[in-house]
Amino acid sequence: MIKKFLFSTLIAICSLSAAFAQTKTKESGKELNDPDNLASQYFSQVMGVAVDATSNLKLYKFIYEWIGTPYSYGGNTKRGIDCSAFTKAIYDKVFNTTIRRNSRDIFSMVDPLSKEDLKEGDLVFFKIKSRSISHVGIYLGDNRFAHASSSRGVVISNLNEPYYSRYFYKGGRVLESFKKEFTVE
């Protein structure tokens, strides 16, 4: 008898939550069968970024394809890649912009930003156990960024993690003058 009651209650709760979810989805103007919305929801869940922060699906798809690629200093393939080559590849393929090859040179191409001013696609720079910039990644939103970690390969991390918070230097947005100068036509 108790099992029957629990099962009936579970069915009722599932039905109500499904109806509520459909109502909320229709109210927000996004249909469940919209492929871009489904992709945004998927990448949001997989990468831990809010759905409304996943506006550039090409960016998230590119990063998803590289997740787990091992780190290799000087590498630039799926067999092994370093942080600046990963960032350079994203800018080449996603933003159709050619940036320089190492993190310090990339920083010379940006307008520096604070953490609070970062937007999806901006760059994040770190001075890890060094006086100069030694690491770069790409900001995704919600304090998350994608990068090629020397210990874990291509991953998504949080700027608020103690390690990254400690070594964070600045964010940066590629200057328009460099986009024109270096963009491949």
Side-chain angles (χ1 to χ4, degrees), residues 43-44 46-50 53-185:
F43 289 130
S44 167
V46 169
M47 297 184 184
V49 178
T54 59
S55 63
N56 188 336
L57 292 179
K58 191 174 179 183
L59 172 64
Y60 290 91
K61 184 177 185 294
F62 184 89
I63 292 168
Y64 180 75
E65 291 171 355
W66 282 81
I67 294 287
T69 299
Y71 179 87
S72 175
Y73 181 77
N76 64 359
T77 69
K78 293 233 179 161
R79 287 188 295 181
I81 194 163
D82 66 18
C83 65
S84 57
F86 178 64
T87 304
K88 181 175 176 38
I90 288 173
Y91 266 78
D92 284 345
K93 301 295 183 201
V94 175
F95 300 109
N96 196 29
T97 301
T98 302
I99 59 174
R100 295 179 177 148
R101 178 59 174 88
N102 76 51
S103 55
R104 287 179 293 281
D105 289 343
I106 294 169
F107 185 74
S108 72
M109 301 175 67
V110 304
D111 182 20
L113 302 167
S114 66
K115 268 188 205 180
E116 296 75 31
D117 295 326
L118 290 170
K119 294 182 181 174
E120 178 185 78
D122 286 340
L123 299 168
V124 287
F125 296 91
F126 301 85
K127 290 183 173 182
I128 300 176
K129 300 175 184 170
S130 172
R131 289 180 181 228
S132 60
I133 294 167
S134 58
H135 190 62
V136 62
I138 189 154
Y139 188 73
L140 301 175
D142 288 343
N143 287 312
R144 300 238 184 239
F145 69 104
H147 62 119
S149 160
S150 60
S151 61
R152 298 176 295 149
V154 176
V155 294
I156 295 172
S157 299
N158 192 314
L159 288 172
N160 293 331
E161 290 175 32
Y163 180 82
Y164 294 110
S165 182
R166 177 179 180 187
Y167 294 115
F168 178 80
Y169 175 61
K170 287 188 190 291
R173 191 166 298 141
V174 176
L175 294 164
E176 289 299 320
S177 59
F178 285 108
K179 286 182 181 178
K180 292 174 185 158
E181 178 183 336
F182 285 94
T183 300
V184 178
E185 307 254 349

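Please read these numbers as outputs of a predicted model, since none were measured by experiment.
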Q | Sub-4.5 Å side-chain heavy-atom contact between I138 and L59 | A | yes
(Q) Applying ring pair (Phe, Tyr, Trp, His ring centres under 6.0 Å) to H147 and Y164, what does each step give before you reach the verdict? (A) CA-CA 12 Å; H147 62 119; Y164 294 110; 5.2 Å; yes
**Q.** Side-chain heavy-atom pair N96, D92 within 4.5 angstrom cut-off
**A.** no
Q. If you look at every heavy atom in S84 and S103, which pair is closest and at what distance?
A. CB-N, 3.9 Å
Q. Heavy-atom distance under 4.5 Å between the side chains of F168 and F125, does that happen here?
A. no
Q: Would you check if the distance from the ring center of Y167 to the ring center of Y163 is below 6.0 Å?
A: yes
Q: Would you check if Y139 and L159 make a side-chain contact, meaning some heavy-atom pair closer than 4.5 Å?
A: yes
Q) SG of C83 to CD1 of I133: how many Å apart, nearest 0.5 Å? A) 11.0 Å
Q. So, do F86 and Y71 have ring centers that fall under 6.0 Å from each other?
A. no
Q) Quick check: are there more than 12 heavy atoms from other residues, nucleotides or ligands sitting under 6.0 Å from CZ of R152? A) yes
(Q) Within the supplied structure, the quantity of interest is the number of heavy atoms (other residues, nucleotides, ligands) at a distance under 6.0 Å from K93 NZ; does it exceed 12? (A) no
Q. If you look at every heavy atom in R101 and G74, which pair is closest and at what distance?
A. NH2-O, 3.3 Å
Q. In Å, rounded to the nearest 0.5 Å, how long is the span from OG of S149 to CD1 of I156?
A. 12.5 Å
Q) How long is the span from the CG atom in L123 to the CG atom in D111, to the nearest 0.5 Å? A) 11.5 Å
Q. Closest approach of G137 and F145, non-hydrogen atoms and distance?
A. CA-CD1, 4.3 Å
Q) Can any side-chain N or O of S134 pair as donor or acceptor with the backbone N or O of K127 at less than 3.5 Å? A) no
**Q.** Under 3.5 Å side-chain donor-acceptor pair for E120 and Y60
**A.** yes
Q.
Quick check against the 3.5 Å criterion: does K88 have a side-chain atom that pairs as donor or acceptor with the backbone of I99?
A. yes
**Q.** For the student: nearest non-hydrogen atoms of T69 and T77, plus distance
**A.** CG2-O, 3.8 Å
Q | Approximate separation, where rounding is to 0.5 Å, of S150 OG and I128 CD1 | A | 7.0 Å
(Q) Quick check against the 3.5 Å criterion: does N102 have a side-chain atom that pairs as donor or acceptor with the backbone of R104? (A) yes
Q | Between CG on residue L118 and NZ on residue K170, distance to nearest 0.5 Å | A | 11.5 Å
Q.
Using 0.5 Å steps for rounding, measure from the CD1 atom of I81 to the CG atom of N76.
A. 6.5 Å
(Q) Test side-chain contact (heavy atoms from CB on, under 4.5 Å) on V136 and F126; report intermediate values, then the result. (A) CA-CA 6 Å; V136 62; F126 301 85; over 6 Å; no
Q) Between G75 and A85, what is the shortest heavy-atom contact and its length? A) O-CB, 3.3 Å
Q) Do side-chain atoms of S165 reach the backbone of E161 as a donor and acceptor pair under 3.5 angstrom? A) no
Q: Anything under 30° is parallel, anything over 60° is perpendicular, the rest tilted; go ahead and classify F95 against Y91.
A: tilted
Q.
Between S157 and R144, is there a side-chain donor-acceptor contact under 3.5 Å, judged purely by atom types and distance?
A. no
Q: Scan side-chain atoms only and decide if D117 and S114 contain a donor-acceptor pair under the 3.5 Å cut-off.
A: yes
Q.
Minimum heavy-atom separation for K119 and D122, please, with both atom names.
A. N-OD2, 2.7 Å
